[in-house]
Amino acid sequence: MPELPEVETTRAGLAPHVEGRRVRAVTLRRPDLRWPIPPEISATLPGQRIDAVRRRAKYLLLDTAAGSALLHLGMSGSLRVLPADTPLRDHDHVDLVLDGGGPDSKRVLRFNDPRRFGCLLWQPTGETHALLRGLGPEPLSDDFDGDYLFARSRGRSAPVKAFLMDQRIVVGVGNIYVAEALFAAGVSPLRAAGKVSRERYAALAAEIRRILGHAIARGGTTLRDFISPDGAPGYFEQELSAYGRGGEPCPRCGRPLKQAAIAQRATVWCGGCQR
DNA sequence: ATGTTTCCCTGCTTGC
DNA sequence: TGCAAGCAGGGAAACA
């Protein structure tokens with residue numbers, strides 16, 4: 001279930017293996033993932049050189065002169081760079097065959113996604129794909145802070161948890177990390193977004209940045225070589241304070257952590273520490 | 001416009 | 001032991 005840190009780790013791991021390489025061919029083993037794979041992926045992408053691998057929110061962009069391949073890993077997707085003759089596994093849906101320095105170094109960028117919540121789309125040069133329009137700021141950018149959250153939240157009655165997970169407000173804060181940030185900041189996920197003070201939004205913004213930054217740094221240290229059978233880093237479950245611990249004692253006060261669904265998502269919090 | 005619910009899909013877990 | 005049901009999850013889309 002890649003959240004922003006996993007996507008950023010994937011980007012960083014991928015970049016040195018694909019940047020500067022040319023896409024020799026594209027193999028589609030099914031016509032769609034979440035959405036149909038557009039014809040440009042087969043017709044335009046082959047022959048293009050990948051100039052850069054970028055990330056926006058949880059989307060990865062493979063930039064070429066003609067445009068960018070836009071990838072989302074959904075919740076079960078993974079990308080690996082492998083020798084071209086690596087046997088297929090279940091759910092290996094797409095290969096980008098990459099030019100190497102010679103015949104022995106031919107590689108493929110292989111997209112595996114069992115649940116197919118991911119996507120592979122195309123963004124022509126000079127255009128911004130509809131999915132990327134209207135996205136909020138990156139949580140690790142200077143545009144994101146407590147004052148920003150405070151200003152955007154006035155008058156809103158939705159739970160602060162739903163507000164923080166809204167990609168138009170801030171991108172990349174998924175269910176796991178929002179639970180951790182709310183716990184660390186002592187804010188109840190049920191509180192109306194418009195009723196959270198400026199000071200507490202400052203704490204929330206700081207915790208979001210700290211937790212995401214820490215996870216990215218850990219991912220970076222874990223994933224040394226991206227050419228490996230297991231490309232996706234784990235979640236460091238032992239470091240999670242709230243997520244997935246419903247019923248267990250609160251790490252801070254010892255009272256049992258509550259669990260309920262908020263906005264159709266499993267939510268865990270401490271009724272004592274989070275107000 | 002904002003808030004809420006539904007839906008996509010498969011693998012894992014739980015219950016009978 | 002096997003099978004069915006339940007759950008998880010990002011986020012777009014539909015709906016109120």
Side-chain angles (χ1 to χ4, degrees), chain A residues 1-11 29-38 55-61 70-79 88-94 111-121 123 128-139 149 151-182 189-196 208 212 215 230 232-237 240 242-248 257 259-269:
Chain A
M1 299 151 256
E3 296 231 19
L4 186 140
E6 286 77 13
V7 179
E8 176 57 27
T9 299
T10 296
R11 187 205 63 75
R29 298 192 183 83
R30 55 173 305 128
D32 60 350
L33 294 170
R34 177 172 185 167
W35 295 296
I37 295 169
R55 179 187 60 77
R56 174 70 173 113
K58 294 179 188 173
Y59 293 92
L60 289 170
L61 295 102
L70 185 62
L71 284 136
H72 196 294
L73 300 177
M75 56 174 294
S76 61
S78 64
L79 289 167
L88 292 172
R89 299 181 182 185
D90 282 347
H91 315 298
D92 282 338
H93 302 308
V94 181
F111 189 3
N112 180 289
D113 187 7
R115 297 181 197 180
R116 305 209 305 275
F117 276 28
C119 62
L120 173 55
L121 300 168
Q123 173 178 281
T128 300
H129 196 281
L131 292 173
L132 301 185
R133 291 179 214 144
L135 289 177
E138 291 286 329
L149 289 176
R152 289 296 302 269
S153 62
R154 292 309 90 186
R156 300 190 58 154
S157 62
V160 62
K161 186 199 180 194
F163 172 74
L164 292 173
M165 291 183 73
D166 186 336
Q167 302 299 294
R168 293 166 299 184
I169 301 302
V170 58
V171 301
V173 182
N175 202 36
I176 293 174
Y177 291 105
V178 75
E180 296 301 302
L182 287 163
L190 295 166
R191 179 168 296 276
K195 302 279 190 183
V196 176
I208 288 169
L212 290 176
D230 299 306
Y235 273 109
F236 315 115
E237 288 176 23
L240 298 175
Y243 179 84
R245 297 189 183 277
E248 296 181 27
L257 293 171
Q259 175 152 5
I262 298 177
Q264 311 305 112
R265 285 286 179 272
T267 306
V268 177
W269 76 102

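Each chain gets a letter, A, B and so on, in the order the sequences are listed, and its residues count up from 1. It should be emphasised that the depicted structure is a prediction, and the values quoted were computed from it without experimental measurement.
Atom P of nucleotide C/dG10 and atom CD of A/Q167 are separated by 9 Å, given to the nearest angstrom. In this structure, CG of A/L60 is placed 14 Å from C1' of C/dG10, rounded to the nearest angstrom. With rounding to whole Å, A/H129 atom NE2 is found 12 Å from C/dA12 atom C1'. Nucleotide C/dG11 holds its C1' atom 14 Å from the CG atom of A/D113, rounded to whole Å. C/dA13 atom C1' lies 12 Å from atom CZ of A/R168, rounded to whole Å. The OH atom of A/Y177 sits 18 Å away from the C1' atom of C/dG11 (whole-angstrom rounding).
Checking A/H91 against A/G155, the closest nucleotide of DNA chain B that is more toward the 5' end is the one next to A/G155. The 5' end of DNA chain B is approached more closely, in terms of each residue's nearest nucleotide, by A/A158 than by the other of A/Q264 and A/A158.
Between A/Y59 and C/dA12, a side-chain N or O to OP1/OP2 separation shorter than 4.0 Å is present.
By the neighbour-count criterion of 12 heavy atoms within 6.0 Å, atom CZ of A/R168 is sparsely surrounded, having that number or fewer from other residues, nucleotides or ligands.
Remark: side-chain polar atoms of A/R56 are not paired, donor with acceptor, to backbone N or O of A/L61 under 3.5 angstrom.
A 4.0 Å heavy-atom criterion places the boundary nucleotides of DNA chain B facing chain A at B/dG3 to B/dG11, written 5' to 3'.
Residue contacts for A/A266: at a heavy-atom cut-off of 4.0 Å it reaches the sugar-phosphate backbone alone, with no base atom in range.
Applying the 3.5 Å distance criterion, the base of C/dG11 shares a donor-acceptor pair with the side chain of A/R265.
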